[in-house]
Structures are given as structure tokens and as C-alpha cells.
2 protein chains.
Amino acid sequence: MSEQPGVVLAWRELAQRYHDASCALERELQERHGLGMSEFEVIDRLAGAAECQLRMQELGEQVHLSQSALSRAVARLERGGLVCRALCEQDRRGVFVTLTEEGRRRQEAARPTQRAVLTQILASG
Amino acid sequence: MSEQPGVVLAWRELAQRYHDASCALERELQERHGLGMSEFEVIDRLAGAAECQLRMQELGEQVHLSQSALSRAVARLERGGLVCRALCEQDRRGVFVTLTEEGRRRQEAARPTQRAVLTQILASG
DNA sequence: GTGCATTAGATGCATGCGCACATAGTTTCC
DNA sequence: GGAAACTATGTGCGCATGCATCTAATGCAC
């Protein structure tokens, strides 16, 4: 039963805060807007991009998802009509993901929820 | 394309740090010791407990896992011979989880890896 | 004691994830 | 210009997770 060094305590606190916040976010976004955390993060990043459009790869750099998880998250959003995919004509391997009108609405509707949850959880640390 | 308020930026940084650390931990613990992060966390908490023994419920309060995920993590560890389960005689609904000798060895072997990874990742933030 | 609410833990199920691999398009080098 | 290496993305698969639910044991009321 030795003393835990500072780095382990810091890690435990980091993990605690992350879990508190991500669980609260997941729950609230799901209940009030029918969005998972990953899905919201994708449309939130798109909403912050020029013309609400990004390449898959650029999205992948911003979002904490593996390439395959991102591919499926975008597929779910596309099925739901929140984004659409378009081939990139310059590099035909590439895919542009664009927020639809509906996607933009949903993102704007969900954003206050995200901020409220984060403010409440992260402030109480 | 509005400015992100501080709380969102704080959240993104928190998530980034958590992901960096948890991915590195997961990878190193798996490669060098055949342990998942959840599994290591369970045996690490047990190693820090009196007589290396805790009730499932106490374990659940310390570990960031749902009750069902914990139940399965302990089941995996039991199959691997790192912990054993024992009925609690006072309250026969309860289950004591105890670290075995082998479990203790594995935890002690993996602890330096955990600390090294955390030191490296958390320091570089 | 008998019945009912509560608690501890396990399990069926659906889902999202990462890994490895497949596919298609592009660049490089000769 | 053709083969080989590289890049961007999608997909099969196995696994861990959370939710809801199940079972067993305890406690409480009467």
C-alpha cells in the first residue's frame, strides 16, 4: 500500500473529470437531441469550418476517433440526413463531408445543451 | 463560425489529454503486459486496498466502469487467474474480489510502465 | 412467518469502437 | 507509360461497453 506518485493522482483526476463530463454530455445530447457525443462533435466541427465542409481526413484530425469510427459516424449522420458526402473532384480518393440545413439546425439546437453541461460539470471541479 | 467560449476550449483540451494518455496506456499495457486499461485499473485498486481485497461495489466506486462492465472485467481477470471471487458470508449477495499472487506480480510488473507512460504524456501538455 | 421493496451482482442484447484488411485513386521513379 | 509505393476511405470482425433485466439475498412492515 504505497503512496501514489503525483502523476498517478493527476491521471486519476483527469480521468474522473473526463468521465463525468463525457457521460453527462452523452446522456443530455442523446435525451434532448437524439445525438451521440461523437456525432455532435462531428457536426460541431463541420459547423465551425468554412462553408460547413471538411475532408474526412481533416475531420479525423480534429475529432478523437479512429479513421474507421469516423467513417461510420459520418455514415450514421448521412443516414439521418444531417450531413452529405460528396466526392472530391481534384483528388477522387477524397470525400467532402458537408453539413445539411437540417444538420445545421440540429447543431445549433444542441450547442446550448453542450455548453450548459460543460459549464456545470467543468466548473464544479 | 463564432468564437468558442472558454468552457468548450477547456473541454477539448481535457478530451485531447485524456485520449492521448488513455491510448498510450492501453497500447503499452497491452503490448508489454497483456493487460487492458480497465483490467490494470482493477488490479491496481485491489493492490492499494487492505489485504488486496474489495467488494465489487467498493471497486465500482473507484473505477470508471459501469456495474456490468466491472462484472465482466473481473470475470476476465478471474479467468486469467489474476483475481479470485469469494462469497461474502455476512451478506451473501456480496462478492469479495481478491488479488492472487500472480495478480500481485502482474500489477507490480505493470506499474512502472503505467507511471512511465503517464509521466511522458502528462508532462508534455 | 408472509409479502414487498431494496440491494448486490450477473447476463442478454444492441451498439460503437479499433484493428486489420480491402478497394480505389494518386504519385514516384525508371 | 507502367510498376511499385503511397494515400484516402470503406468494411469484416471480434470485443468491451452501457442499458435493461434477471436472480438471489436481505430487510422491513404487519
Side-chain angles (χ1 to χ4, degrees), chain A residues 15 18-31 34-43 53-80 83-98, chain B residues 15 18-31 34-43 46 53-80 82-98:
Chain A
Y18 176 80
H19 270 92
D20 289 351
S22 65
C23 291
L25 263 185
E26 184 76 50
R27 181 165 18 85
E28 295 295 312
L29 287 174
Q30 190 64 60
E31 252 176 41
L35 290 169
M37 209 176 63
S38 303
E39 279 130 308
F40 175 77
E41 182 148 22
V42 168
I43 64 177
Q53 177 170 281
L54 286 172
R55 291 272 303 256
M56 288 292 287
Q57 200 180 11
E58 300 172 296
L59 259 181
E61 288 163 12
Q62 299 187 22
V63 169
H64 303 289
L65 285 175
S66 68
Q67 181 266 319
S68 72
L70 174 62
S71 177
R72 290 178 225 257
V74 169
R76 286 194 297 277
L77 288 168
E78 189 180 35
R79 268 198 301 279
V83 306
C84 60
R85 288 196 248 213
L87 280 178
C88 170
E89 286 306 321
Q90 281 69 42
D91 180 348
R92 299 181 50 186
R93 295 167 301 184
V95 169
F96 279 117
V97 186
T98 310
Chain B
Y18 176 80
H19 271 93
D20 289 350
S22 66
C23 291
L25 263 185
E26 185 77 50
R27 181 165 18 85
E28 295 295 313
L29 287 174
Q30 189 65 56
E31 252 175 41
L35 289 169
M37 209 175 62
S38 302
E39 278 129 311
F40 175 76
E41 182 148 22
V42 168
I43 64 177
L46 284 174
Q53 177 171 282
L54 286 172
R55 290 273 302 258
M56 288 292 286
Q57 203 180 8
E58 299 172 296
L59 216 41
E61 288 163 12
Q62 299 187 22
V63 169
H64 303 290
L65 285 176
S66 68
Q67 183 265 320
S68 73
L70 175 61
S71 177
R72 289 178 227 256
V74 168
R76 287 193 298 275
L77 288 167
E78 189 180 36
R79 269 197 298 278
L82 305 195
V83 305
C84 60
R85 288 196 249 211
L87 280 177
C88 169
E89 285 307 320
Q90 282 70 43
D91 180 348
R92 299 181 48 186
R93 292 168 302 184
V95 169
F96 279 119
V97 185
T98 311

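Both backbone and side-chain heavy atoms feed into the values below; hydrogens, waters and symmetry mates do not. Bear in mind the structure is a predicted one, so any value in this text is a computation, not a measurement. Naming: A, B, ... by sequence-line order, numbering from 1 per chain.
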Short N/O separations, protein against nucleotides 8-14 of chain C, under 3.5 angstrom:
from, atom 1, to, atom 2, distance (Å)
dA8(C), OP1, Q57(B), OE1, 2.6
dA8(C), OP1, Q57(B), NE2, 2.9
dA8(C), OP2, Q57(B), NE2, 3.0
dG9(C), OP1, R55(B), NE, 3.4
dG9(C), OP1, M56(B), N, 3.4
dG9(C), OP1, V95(B), N, 3.0
dG9(C), OP1, V95(B), O, 3.4
dG9(C), OP2, Q57(B), N, 3.0
dA10(C), OP1, R85(B), NH1, 2.5
dA10(C), OP2, S71(B), OG, 2.8
dA10(C), OP2, R85(B), NH1, 3.3
dA10(C), N7, Q67(B), NE2, 2.9
dA10(C), N6, Q67(B), OE1, 3.0
dG12(C), O6, R72(B), NH2, 2.3

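The nearest pair of heavy atoms linking M56(B) to L70(B) is O-CD2, 3.4 Å. Contact between L87(A) and R92(A) at its shortest, heavy atoms only, is CD2-O, 4.1 Å.
We find that CG of L77(A) is positioned 11 Å from P of dG16(C), with the value rounded to whole Å. Distance, L29(B) CG to dG18(C) P: 17 Å, rounded to whole Å. What separates CZ of R76(B) from P of dG14(D) is a distance of 17 Å, to the nearest Å. Between the CG atom of L59(A) and the P atom of dA8(D) there is a distance of 14 Å, given to the nearest Å. For E26(B) and dT17(D), the CD to C1' distance is 13 Å, given to the nearest whole Å. Straight-line distance from the CG atom of L54(A) to the P atom of dT9(D): 11 Å, rounded to whole Å. Distance CD (E31(B)) to C1' (dC19(C)): 13 Å, rounded to an integer number of Å. Atom CE of M37(A) is separated from atom C1' of dG18(D) by 14 Å (rounded to the nearest Å).
Residues L65(B) and E41(B) form no side-chain contact, since every pair of their non-hydrogen atoms from C-beta on lies 4.5 Å or further apart.
Screening L82(B), L46(B), V97(B) for a side-chain contact (heavy atoms from CB on, under 4.5 Å) with L77(B), the sole residue that qualifies is L82(B).
The line from CG of L54(A) to CG of L59(A) is 5.0 Å long, rounded to the nearest 0.5 Å. To the nearest 0.5 Å, atom CD of residue Q90(A) and atom CZ of residue F96(A) are 6.5 Å apart. If you take CD on E26(A) and OG on S38(A), they are separated by 7.0 Å, rounding to the nearest 0.5 Å.
Each of R92(A) and H19(B) was matched to the nucleotide of DNA chain C holding its nearest heavy atom; the match closer to the 5' end belongs to H19(B). Nucleotides of DNA chain C nearest to S38(A) and Q90(A) differ in position, and the one nearer the 5' end is that of S38(A).
Below 30°, between 30° and 60°, or above 60°: for H64(B) and H19(A) the angle between ring planes is below 30°, a parallel geometry.
Using five terminal pairs a side, the axes of the helix from dG1(C)-dC30(D) to dC30(C)-dG1(D) at its two ends make an angle of 10°, given in steps of 10 degrees.
Every residue two or more places apart in sequence or in another chain that forms a side chain to side chain contact (heavy atoms under 4.5 Å, CB included) with R85(A) is listed here: S71(A), V74(A), A75(A), E78(A), V95(A).
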